[in-house]
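Each chain gets a letter, A, B and so on, in the order the sequences are listed, and its residues count up from 1.
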Number of protein chains: 2
Amino acid sequence: MPASIHAVAARAGVSVATVSRSLTAPRTVRENTRARVLVAAAELGYEPNRAARGLITGRTGNIGVIAPDLGNPYFHAVLKGAQARAREADYAVFVADGQEDAGEEEALIRAMGKQVDGIVLCSSRLAPDTLARLDPTPTLVLLNRRVPGRPSVVVDSAGGICLAVRHLAELGHVRCAFVAGPRRSWSNRERLRGLRACTRAVGAELVTIGPVAPQFTSGAAAADRVLETGATAVLAYNDLVAVGVLSRLAELGVRVPDELSVVGFDDIPLAAMVTPPLTTVAAPTELAGRVAVEALLDRLQDGAAQRPAAVQRLPTTLVVRSSTAAPALTRTTTALRSA
Amino acid sequence: MPASIHAVAARAGVSVATVSRSLTAPRTVRENTRARVLVAAAELGYEPNRAARGLITGRTGNIGVIAPDLGNPYFHAVLKGAQARAREADYAVFVADGQEDAGEEEALIRAMGKQVDGIVLCSSRLAPDTLARLDPTPTLVLLNRRVPGRPSVVVDSAGGICLAVRHLAELGHVRCAFVAGPRRSWSNRERLRGLRACTRAVGAELVTIGPVAPQFTSGAAAADRVLETGATAVLAYNDLVAVGVLSRLAELGVRVPDELSVVGFDDIPLAAMVTPPLTTVAAPTELAGRVAVEALLDRLQDGAAQRPAAVQRLPTTLVVRSSTAAPALTRTTTALRSA
DNA sequence: TCGATCTCTGAAAAGGTTTACAAGAGTGTA
DNA sequence: TACACTCTTGTAAACCTTTTCAGAGATCGA
């Protein structure tokens with residue numbers, strides 16, 4: 001029912017090849033002719049049939065985004081950025097949920113592979129060698145993960161967490177706890193690395209707890225252990241975990257930030273919504289999605305295989321809200337906790 | 001590079017037609033033959049080329065999901081359910097963000113229409129006649145919206161909010177406020193309808209505030225006006241708004257639930273994460289996504305056009321947490337508020 | 001035994017686009 | 001004039017699958 005390239009060709013008085021060229025390789029056809037074609041196409045409301053095009057070019061015009069957990073707010077912003085950039089380039093975006101499971105993730109890559117030109121793989125839980133061994137098609141771009149030979153976009157986790165440590169040090173904290181994220185997570189390792197270097201630099205003590213799943217409930221469960229460490233400040237793997245800590249502390253009657261300072265990571269919207277609003281390291285999440293798609297699009301160009309796979313590092317900033325303050329000289333609720 | 005149907009046919013010693021039939025209409029080919037084909041296909045790792053299939057069938061094997069705002073946690077659960085069901089049926093899911101804008105939403109439907117067999121349109125902001133006038137292709141299924149002639153899946157908003165009102169009435173509240181959502185939102189009208197009927201039934205007073213955008217910040221802004229009404233309980237359009245109210249109340253030093261009870265709607269994960277945890281009407285969100293895709297898949301069957309468009313209503317439940325309690329006889333923080 | 005019916009299979013067309021190749025026109029050079 | 005270009009366009013093949021149509025063989029009833 002919709003107009004085909006033949007209809008346009010007939011209307012413009014040219015061959016179908018000329019119509020095709022007018023649309024996909026404008027420079028190869030005389031300007032005059034092209035104008036005629038464009039008018040005819042517009043009049044008929046012609047849009048190339050993507051299936052037919054895909055059949056011959058081998059391209060789908062789609063890209064995929066795979067996240068470990070679509071329920072994690074972090075990815076919504078990524079998705080939003082990715083989708084916006086993709087739409088600009090006339091690509092459509094598939095999404096899928098890896099369910100925090102390496103096997104599922106690999107299956108998803110294969111299943112999705114047939115239908116997309118490339119995939120943005122967010123915070124992959126896959127082992128490095130699995131990742132390296134995957135087929136060259138579809139093209140992969142890694143987000144928050146570095147693997148030799150694969151293009152990737154990462155957020156400066158180490159630098160960001162260092163900002164947080166310095167902030168705490170300036171407030172007078174000398175003993176900090178870290179609630180660690182998944183062992184498979186590259187981001188977690190980066191944060192830990194930054195943390196170790198930076199606490200040493202400012203002369204603070206560091207106690208790590210975990211690893212825990214990057215979720216609210218894990219944070220709530222970890223709060224008690226944080227208190228046991230005697231730390232006056234706690235940094236969490238991400239905001240979700242930090243909010244979990246916050247929630248449990250409220251339950252226990254531990255006042256934040258007076259008795260314990262709490263810092264998150266990511267700056268998801270939730271961070272500003274809780275009480276008290278969370279001090280956190282802000283990652284440019286939407287931008288990251290955008291940049292990842294940008295990198296993917298670039299990778300899809302002819303001859304991209306020759307160029308080396310680039311790694312782009314995005315800067316982070318510290319957002320100071322109300323969950324951090326100078327440590328109290330004494331903790332008033334010790335009795336309450338042991339009750 | 002990947003195996004084509006011809007390779008499979010050659011290996012199995014049959015024609016391509018037989019291979020095709022073995023895979024798409026198993027009953028039309030002798031069991032013996034089919035087994036041979038299946039073995040050959042498995043050995044070669046054959047997977048039908050979707051573009052070629054789409055070219056001839058006119059189907060894409062994709063479905064789309066459009067939400068007014070991908071940043072709203074409500075849709076993540078919808079998306080999760082939709083994606084899971086779609087994957088079971090070997091469909092892939094496109095997502096797009098309507099940006100709370102009717103024009104953008106319509107453009108999206110058109111753009112996406114070429115690449116999908118059907119669309120699940122969540123909480124559409126489109127005017128009823130626009131919605132009715134849209135092309136029959138792609139097939140549309142509405143979520144949380146009812147329009148004559150269109151299949152839809154709705155959550156029992158009116159019934160759910162009635163549960164909440166009864167809960168408040170039992171606690172002794174006689175004056176309730178409602179922070180209303182977008183005027184274009186069908187869900188909002190339903191909630192308001194249920195609210196009016198139910199408050200009348202239990203003999204409570206109702207004051208409405210708004211409409212406001214369905215976001216955290218709107219809730220925060222509305223909190224002051226809620227206090228002015230003198231209501232002892234407030235129901236919000238959704239959890240995001242409720243959490244905004246909560247946040248502002250904490251800032252003002254108004255204790256929840258002692259001085260004011262707060263009720264949300266949707267039961268997004270956030271509802272359990274805030275302090276105090278939010279009493280809310282739980283919508284079966286993930287299920288809704290699932291059911292909507294189910295309805296879409298059904299609608300995609302041959303001859304579905306004859307059948308009338310069904311409306312499915314999903315039940316809601318009340319989740320009582322800690323943000324509701326019996327009203328205090330006096331409000332102790334009046335002075336604080338006016339300060 | 002003959003014809004009718006049914007079951008299974010193959011040949012070939014069709015679907016809409018891109019692109020290799022060829023051809024024609026025009027331009028500049030020897 | 002002949003030649004070698006470039007520029008522009010058209011013809012036709014190719015992409016891979018589904019599906020129509022027809023044919024071959026088998027079964028069944030008369």
Side-chain angles (χ1 to χ4, degrees), chain A residues 1-41 44-62 90 113-115 117 137 300-302, chain B residues 1-41 44-62 90 113-117 137 300-303:
Chain A
M1 204 64 199
S4 83
I5 200 172
H6 287 95
V8 177
R11 187 175 191 106
V14 296
S15 73
V16 295
T18 301
V19 175
S20 176
R21 278 188 287 253
S22 297
L23 298 171
T24 58
R27 299 207 338 268
T28 65
V29 26
R30 197 162 46 141
E31 189 165 356
N32 199 331
T33 319
R34 198 179 108 233
R36 266 205 339 272
V37 170
L38 260 31
V39 168
L44 293 171
Y46 169 71
E47 297 232 10
N49 177 317
R50 295 179 86 112
R53 174 179 283 181
L55 182 55
I56 187 152
T57 61
R59 290 197 172 185
T60 60
N62 304 329
D90 208 22
K114 319 285 176 197
Q115 306 168 58
D117 298 334
T137 54
L300 256 24
Q301 303 287 329
D302 292 337
Chain B
M1 204 63 198
S4 84
I5 199 173
H6 286 95
V8 178
R11 186 175 192 106
V14 297
S15 73
V16 294
T18 300
V19 175
S20 177
R21 277 188 289 252
S22 297
L23 298 172
T24 58
R27 299 209 336 270
T28 65
V29 27
R30 195 161 46 138
E31 190 165 356
N32 198 332
T33 319
R34 198 179 109 233
R36 268 207 335 274
V37 170
L38 259 31
V39 167
L44 294 170
Y46 169 71
E47 296 233 9
N49 178 317
R50 295 180 86 111
R53 173 179 283 180
L55 182 55
I56 188 152
T57 61
R59 290 195 172 188
T60 60
N62 304 328
D90 209 21
K114 318 285 175 194
Q115 306 168 58
V116 301
D117 300 332
T137 54
L300 256 24
Q301 303 287 328
D302 292 337

Under 3.5 Å, which protein N or O atoms sit close to an N or O of nucleotides 4-6 of chain D? Give each pair with its distance.
none

Please list each protein N or O that sits under 3.5 Å from an N or O in nucleotides 7-11 of chain D, with the distance.
residue, atom, partner, partner atom, Å
D/dT9, OP1, A/Thr33, OG1, 2.2
D/dT9, OP2, A/Arg30, N, 2.9
D/dG10, OP2, A/Ser15, N, 2.9
D/dG10, OP2, A/Ser15, OG, 3.0
D/dG10, OP2, A/Thr18, OG1, 2.5
D/dG10, N7, A/Arg21, NH2, 2.8
D/dG10, O6, A/Arg21, NH1, 3.2

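In this entry the distance linking NZ of A/Lys114 with C1' of D/dC16 reads 15 Å, nearest Å. Nucleotide D/dA14 holds its P atom 11 Å from the CD1 atom of A/Ile56, rounded to whole Å. Rounding to whole angstrom units, CZ of residue A/Arg59 and P of D/dC15 are separated by 18 Å.
Considering only heavy atoms from C-beta on, B/Leu38 comes within 4.5 Å of B/Leu23 through its side chain. Residues A/Ser15 and A/Thr18 are in side-chain contact: their nearest non-hydrogen atoms beyond the backbone lie under 4.5 Å apart. Side-chain contact between B/Arg34 and B/Pro26 is present, with at least one heavy-atom pair separated by less than 4.5 Å. When side chains are defined from C-beta on, B/Asp117 does not count as touching B/Asn62, because their heavy atoms never get closer than 4.5 Å.
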Pairs under 3.5 angstrom only: tabulate donor-acceptor contacts from the side chains of residues 4-11 of chain B to other protein residues two or more places apart or in another chain.
residue, atom, partner, partner atom, Å
B/Ser4, OG, B/His6, N, 3.1
B/Arg11, NE, B/Glu43, OE1, 2.5
B/Arg11, NH2, B/Glu43, OE1, 3.1

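Applying the salt bridge (Lys or Arg N to Asp or Glu O under 4.0 Å) definition to pairs two or more places apart or across chains, none involves residues 50-62 of chain A.
The bend of the helix from C/dT1-D/dA30 to C/dA30-D/dT1, defined by the angle between the axes of its first five and last five pairs, stands at 50° to the nearest 10°.
Judged purely by atom type and a 3.5 angstrom limit, B/Thr60 uses its side chain to pair as donor or acceptor with the backbone of B/Gln115. A donor-acceptor contact shorter than 3.5 Å is absent between the side chain of B/Thr33 and the backbone of B/Val29.
When DNA chain C is scanned in the 5' to 3' direction for atoms under 4.0 Å from non-hydrogen atoms of chain A, the outermost contacting nucleotides are C/dG16 to C/dA20.
Heavy-atom minimum distance, B/Gly54 versus A/Ala51: C-CB, 4.1 Å.
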